[in-house]
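Along the sequence shown, the residues carry numbers beginning at 1. All heavy atoms count here, side chains included; hydrogens, waters and symmetry mates do not.
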Amino acid sequence: MMDVRAVILIAITLSFAAADTPANCTYEDIAGLWTFEISGYGGDNTLDCTNPGPVTDTVTVELMFPDVAVDATYGTKGFWTLIYNQGFEVVLNNRKYFAFSKYSGSGSEVTMNCSETLPGWAHNVVGSDWACYVGKKVSSGYAKAYTYKKERHPDFSQMMYHNDERMVAEINRVQKSWRAAVYPEHEGYTVEEMRRRAGANNHVGAMRPQAIPVTPDVALAASALPAEFDWRNVNGQNFVTPVRNQEQCGSCFSFASMGMLASRLQVATNNTVKKVFSPQDVVACSQYAQGCEGGFAYLTAGKYAEDFGVVEESCYPYQGKDMSCSKEKPHCRRYFATNYRYIGGFYGGCNDELMRTALVKNGPVAVGFMVYDDFFNYKSGIYHHTGVKNSMLKYNPFEITNHAVLLVGYGTDAATGQKFWIVQNSWGDTWGENGYFRILRGVDECGFESTAMESFPIYP
């Protein structure tokens, strides 16, 4: 009989691309009994957990299928979720625990250990009492611990990206659902910079959850939704912030996150409050992300926005590069969000019906999906991956990554009957359909229906 945990597992390989961190931990690696070694209490959100102090308390936690955390001492129940393959968060006894999975290394050699965490942060749910902690798995199942070498073309960072007109012609020849085009501006980027635009934030072959079956209640709720919906035009009003350009930085996660929070603020206030929030503040200052090397909307629109707040663009203008964190301008307000979650409640619980329900009910949704090299040349239509590759590059770096974007609507093509999502990208308004694209809906195309998340801005 198949282990029930296999519902949200997929096989992984040991071939890695550049990532947020080198961690690649599956659900099975993380589920089980853990001890959290806590160093002190009473800190605030400026606490530096790089080198935690002496252990002053321990908590033993059982992480159970699919999202239940149990205090092994007192029997109280809480919640937990993976954050893709990078780490996990636990909410138990009115405290939140988050840490990245452990890795170490120098140069090209990396040792990964999914049965321990790096030093992480623990705080009460109101954010007034912070501590550091380290998690150590003590039973149930296995957890990978191995060393590998990063493989990188010796001239990778220096190679200039080249448009492949033969590739574009082949994409347009083999299918009629969408059209590809050459973008001359892409040749101003190196291959490394194009990789960052694609997300630059997850591993080749990294695990992705399979869909949890749709329950009758969810199916019934989804059946009552409108056949088509678009937050850019609801009773003549546009609730979506303008398209922006992340440029050469792998900050898509921050643009999707800030776009979602700003758009949801417009939804919550019936378009009376319109803000543009700063992606650069997240890139420069968030310890929950890796700057231009990537990050996750769950940790940005969710955890960072709740723990630290976000600022307006005018307070921290976008630079498109890694830089040291500096204080925003005087009198700049921080805006907070709360109740962040993966659609479906936990990583692995997402599906088409839940995404549409959250979108219509609450506002635009941040979504991660797999970018292939044919997506760079998308111009119009309903995208699906063709398998056509950029043949001009002897070394093809565009392996599976996770790119974050903003879901704003959905519909069905009247001529073909194809169902699609309507999505805002962060590559400028000259790309695609004025900065947007449509992608097949209902088939988890490129993993699009696997990692959607939402959070709720607090205002005033």
Asks: Is the shortest distance from a Lys or Arg side-chain nitrogen in Glu247 or Lys321 to a carboxylate oxygen in the other one below 4.0 Å?
Replies: no
Asks: Could you check whether any side-chain heavy atom of Phe239 comes within less than 4.5 Å of a side-chain heavy atom of Val234, counting everything from C-beta outward?
Replies: yes
Asks: Closest approach of Ala256 and Val405, non-hydrogen atoms and distance?
Replies: CB-O, 3.5 Å
Asks: For Glu89, which residues count as a salt bridge (Lys or Arg N to Asp or Glu O under 4.0 Å) partner, sequence neighbours excluded?
Replies: Lys303
Asks: With side-chain hydrogen bond (donor to acceptor under 3.5 Å, both in side chains) as the criterion, how do Asn93 and Thr76 come out once you've worked through the C-alpha distance, each side chain's angles and the decisive distance to 0.1 Å?
Replies: CA-CA 7 Å; Asn93 296 332; Thr76 52; 2.7 Å; yes
Asks: Please confirm whether Trp80 and Tyr27 have ring centers closer than 6.0 angstrom.
Replies: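 Yes, close enough.
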Asks: Is a donor from one side chain sitting under 3.5 angstrom from an acceptor on the other, for Asn271 and Gln266?
Replies: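 Checked: Asn271/Gln266 side chains pair up, N/O donor to acceptor below 3.5 Å.
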Asks: Using a strict threshold of under 4.0 Å (side-chain N to carboxylate O), is an ion pair present between Asp281 and Arg334?
Replies: yes
Asks: Establish, from distance only, whether the side-chain atoms of Glu37 and Thr58 form a donor-acceptor pair under 3.5 Å.
Replies: no
Asks: Is the Tyr288-Phe98 ring centre distance short of 6.0 angstrom?
Replies: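 Here the rings of Phe98 and Tyr288 have centres that are less than 6.0 Å from each other.
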Asks: Does Gln290 reach the main-chain N or O of Glu293 with its side chain, forming a donor-acceptor pair under 3.5 Å?
Replies: no
Asks: Heavy-atom distance under 4.5 Å between the side chains of Cys132 and Asn51, does that happen here?
Replies: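 With C-beta onward as the side chain, the pair stays apart.
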Asks: What I want to find out is whether Glu306 reaches Lys96 closely enough, with some N-O distance under 4.0 Å, to be called a salt bridge.
Replies: yes
Asks: With a distance cut-off below 6.0 Å to the six-membered ring centre and an angular limit of 45° from the axis, does Arg356 pair with Tyr410 as a cation-pi contact?
Replies: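 Yes, a cation-pi geometry holds between Arg356 and Tyr410.
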Asks: Test Tyr133 against Asp57 for side-chain hydrogen bond (donor to acceptor under 3.5 Å, both in side chains), laying out the working first.
Replies: CA-CA 9 Å; Tyr133 85 102; Asp57 192 14; over 6 Å; no
Asks: With a 4.5 Å cut-off on side-chain heavy atoms, are Leu354 and Thr357 touching?
Replies: no
Asks: Do you know which two heavy atoms are closest between Val214 and Ala219, and how far apart they sit?
Replies: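 Closest heavy-atom pair between Val214 and Ala219: CG1-N, 3.8 Å.
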Asks: Roughly how far apart are Phe336 CZ and Thr338 OG1, rounded to 0.5 Å?
Replies: 11.0 Å
Asks: Which value, rounded to the nearest 0.5 Å, describes the distance between Met370 atom CE and Cys446 atom SG?
Replies: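 Answer for the CE-SG pair, Met370 versus Cys446, is 8.5 Å.
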Asks: Are a donor atom and an acceptor atom from the side chains of Thr386 and Tyr372 found within less than 3.5 Å of each other?
Replies: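 Distance-only check fails for Thr386 and Tyr372.
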Asks: Is the Trp421 to Tyr383 ring centre distance short of 6.0 Å?
Replies: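 For Trp421 and Tyr383, the ring centres are not under 6.0 Å apart.
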Asks: Should the pair Glu445-Lys419 be classified as a salt bridge under the 4.0 Å nitrogen-to-oxygen rule?
Replies: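 Not counted as a salt bridge, because no side-chain N and carboxylate O are separated by less than 4.0 Å.
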Asks: Between Ser286 and Val283, is there a donor-acceptor pair closer than 3.5 Å when you use the side chain of the first and the backbone of the second?
Replies: no
Asks: Counting only N and O atoms by type, is there a donor-acceptor contact under 3.5 Å from the side chain of Glu449 to the main-chain atoms of Asp444?
Replies: yes
Asks: Establish, yes or no, whether a centroid distance under 6.0 Å links the rings of Tyr318 and Tyr316.
Replies: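 So the answer is no for these two rings.
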Asks: Give a yes or no answer on whether the side chain of Ser101 reaches the backbone of Ala23 with a donor-acceptor pair at less than 3.5 Å.
Replies: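 No.
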Asks: Any idea how Trp431 and Trp427 line up, ring-wise: parallel (<30°), tilted (30 to 60°), or perpendicular (>60°)?
Replies: perpendicular
Asks: Is it true that Lys275 and Glu312 have a side-chain N and a carboxylate O under 4.0 angstrom from each other?
Replies: yes
Asks: Is there a donor-acceptor contact under 3.5 Å from the side chain of Arg95 to the main chain of Asp129?
Replies: yes
Asks: Verify whether one side chain among Asp48 and Thr50 offers a donor that lies under 3.5 Å from an acceptor in the other.
Replies: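 Yes, a side-chain donor-acceptor pair sits under 3.5 Å.
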Asks: Considering all heavy atoms of both residues, which atom of Gly294 and which atom of Phe253 are nearest to each other, and what is their separation?
Replies: C-CE2, 3.4 Å
Asks: A side-chain contact here means heavy atoms from C-beta on lying under 4.5 Å apart; do Pro279 and Glu313 qualify?
Replies: yes
Asks: Ignoring hydrogens, what is the shortest heavy-atom contact between Pro22 and Val110? Give both atom names and the distance.
Replies: CB-CG1, 3.5 Å
Asks: Does a donor on one side chain sit under 3.5 Å from an acceptor on the other, for Gln424 and Tyr436?
Replies: yes
Asks: Please report the shortest heavy-atom distance between Gln287 and Leu47, naming the atom on each side.
Replies: NE2-O, 4.4 Å
Asks: Determine yes or no for a side-chain-to-main-chain donor-acceptor pair under 3.5 angstrom, with Thr272 supplying the side chain and Thr269 the backbone.
Replies: yes
Asks: Under the side-chain hydrogen bond (donor to acceptor under 3.5 Å, both in side chains) rule, what do Asp44 and His123 come out as? Steps first, then yes or no, please.
Replies: CA-CA 8 Å; Asp44 59 24; His123 61 76; over 6 Å; no
Asks: For the rings on Tyr335 and Tyr304, is their centre-to-centre separation under 6.0 Å?
Replies: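 Not close enough - the centres of the two rings lie 6.0 Å or further apart.
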Asks: Cut-off 3.5 Å, side chains only: do Asn425 and Arg244 have a donor facing an acceptor?
Replies: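 Short answer, no.
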Asks: Do Leu406 and Val367 come within less than 4.5 Å of each other through their side chains, counting heavy atoms only?
Replies: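 Sidechains of Val367 and Leu406: no contact.
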Asks: Using a strict threshold of under 4.0 Å (side-chain N to carboxylate O), is an ion pair present between Lys137 and Glu116?
Replies: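 No, Glu116 and Lys137 are not salt-bridged.
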Asks: Would you check if the side chain of Asn113 reaches a backbone N or O of Lys102 as a donor-acceptor pair within less than 3.5 Å?
Replies: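 Flag not set: sc Asn113 to bb Lys102 has no pair under 3.5 Å.
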Asks: Could you tell me whether Glu192 and Arg196 have a side-chain N and a carboxylate O separated by less than 4.0 Å?
Replies: yes
Asks: Show me the donor-acceptor pairs within less than 3.5 Å that the side chains of residues 452-460 make with the rest of the protein, sequence neighbours left out.
Replies:
| unit_1 | atom_1 | unit_2 | atom_2 | d |
| --- | --- | --- | --- | --- |
| Glu454 | OE1 | Arg264 | NH1 | 3.1 |
| Glu454 | OE1 | Arg264 | NH2 | 2.7 |
| Glu454 | OE1 | Asn362 | ND2 | 3.1 |
| Glu454 | OE2 | Arg341 | NE | 2.7 |
| Glu454 | OE2 | Arg341 | NH2 | 2.6 |
| Ser455 | OG | Ala301 | O | 2.8 |

Asks: Passes side-chain hydrogen bond (donor to acceptor under 3.5 Å, both in side chains), Asn85 versus Asn24? Steps please.
Replies: CA-CA 5 Å; Asn85 53 14; Asn24 192 22; 2.8 Å; yes
Asks: Search all heavy atoms of Leu33 against all heavy atoms of Ser139 and return the closest pair with its distance.
Replies: CB-OG, 3.1 Å
Asks: Does any part of the side chain of Tyr347, heavy atoms only, come nearer than 4.5 Å to the side chain of Ile83, both counted from C-beta?
Replies: no
Asks: Do the side chain of Tyr340 and the main chain of Thr300 share a donor and acceptor less than 3.5 angstrom apart?
Replies: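 No, Tyr340 side chain to Thr300 backbone: no donor-acceptor pair under 3.5 Å.
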Asks: Could you check if a side-chain atom of Pro226 sits within less than 4.5 angstrom of a side-chain atom of Glu228, using non-hydrogen atoms only?
Replies: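 When only atoms from C-beta onward are counted, Glu228 and Pro226 do not touch, as no gap falls below 4.5 Å.
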Asks: State the CH2-CG distance between Trp130 and Asp307, to the nearest 0.5 angstrom.
Replies: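 Reported to 0.5 Å precision, the distance equals 4.0 Å.
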Asks: For Asp29, is there any backbone N or O sitting under 3.5 Å from a side-chain donor or acceptor partner on Thr26?
Replies: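 Side chain of Thr26 to backbone of Asp29, a donor-acceptor pair under 3.5 Å: yes, one is there.
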Asks: Do the non-hydrogen side-chain atoms of Val59 and Tyr97 ever get within less than 4.5 Å of each other?
Replies: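 A side-chain contact under 4.5 Å exists here.
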Asks: Under 3.5 Å, side chain of Thr60 to main-chain N/O of Thr35, donor-acceptor pair present?
Replies: no
